[in-house]
Novice: 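Sharing a structure here in structure tokens format.
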Amino acid sequence: MSIIIDQGKCIGCGRCHDVCPGTLIKINEKKKAYIKYPKDCWGCTSCIKECPVHAISFFLGEDIGGKGCKVHTEKVKGEKNDIVRWFFELNDGSVRTIDIDPKESNKY
């Protein structure tokens, strides 16, 4: 399990660096985030949820049932509350989404 950081989208805000519990995300001389040792990533997805420009995706390998797709999140306005929309980018180019209302999910 590992994250993928798109250098072209990264704005260098450092939020991913600040929330990484493993201190694995670094900032280079161009102020862009990178992960030096992707295999050390714990897969907590904190950085993905924190990135304001969706420059970070989580790779779901076939070994864990992810069929090699990439995942990222976006916060969007729902009817009642802000929701977290999870985007699954599949190998065939299609995208599937799941919406989660954090206030509703805390009930369980």
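Here the structure is a predicted model, which is why all the values come from computation and not from measurement.
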Novice: Could I get the full list of side-chain hydrogen bond (donor to acceptor under 3.5 Å, both in side chains) partners for Arg96, not counting sequence neighbours?
Specialist: none
Novice: Hey, quick one: are Ile5 and Val19 part of the same hydrophobic cluster, counting side-chain heavy atoms closer than 4.5 Å, chains of contacts allowed?
Specialist: no
Novice: Drop me the distance from Cys13's SG to Ile27's CD1, to the nearest 0.5 angstrom.
Specialist: 7.5 Å
Novice: Give a yes or no on whether the backbone of Trp86 and the side-chain of His72 come within a donor-acceptor separation of less than 3.5 Å.
Specialist: no
Novice: Taking all non-hydrogen atoms of both residues into account, name the closest pair between Ile11 and Pro52 and its distance.
Specialist: CD1-CG, 4.1 Å
Novice: Distance from Leu90 atom CG to Lys70 atom NZ, nearest 0.5 Å?
Specialist: 11.5 Å
Novice: Of the non-hydrogen atoms in Gly22 and Trp42, which two are nearest, and what is the gap between them?
Specialist: CA-CZ2, 3.7 Å
Novice: Calculate, to the nearest 0.5 Å, the distance between atoms CD1 and CD belonging to Ile83 and Glu74 respectively.
Specialist: 10.5 Å
Novice: Starting at CD1 of Ile3, measure out to SG of Cys51 and round the result to the nearest 0.5 Å.
Specialist: 9.5 Å
Novice: Over all heavy atoms of both residues, which pair between Val71 and Phe88 is shortest? Give the atoms and the distance, please.
Specialist: CG2-CD2, 3.4 Å
Novice: Which heavy atom of Cys16 sits nearest to which heavy atom of Ile25, and what is that distance?
Specialist: SG-CG2, 3.6 Å
Novice: Ile48, Ile98: one ILVMFWY side-chain cluster at the under-4.5 Å cut-off?
Specialist: yes
Novice: Which heavy-atom pair separates Ser94 from Asp92 by the least distance, and what is that distance?
Specialist: OG-OD1, 2.6 Å
Novice: Rounded to the nearest 0.5 Å, how far apart are SG of Cys10 and CG of Asn28?
Specialist: 8.0 Å
Novice: Hey, does the side chain of Lys26 reach the backbone of Thr23 with a donor-acceptor pair shorter than 3.5 angstrom?
Specialist: yes
Novice: Test side chain to side chain contact (heavy atoms under 4.5 Å, CB included) on Asp82 and Lys75; report intermediate values, then the result.
Specialist: CA-CA 7 Å; Asp82 288 346; Lys75 293 177 186 170; 5.7 Å; no
Novice: For residues 41-52, which residue pairs pass the salt bridge (charged side-chain N to carboxylate O under 4.0 Å, His left out) check, not counting sequence neighbours?
Specialist: Arg15-Glu50
Novice: Working to the nearest 0.5 angstrom, can you tell me the gap between Asp40 CG and Ile35 CD1?
Specialist: 7.5 Å
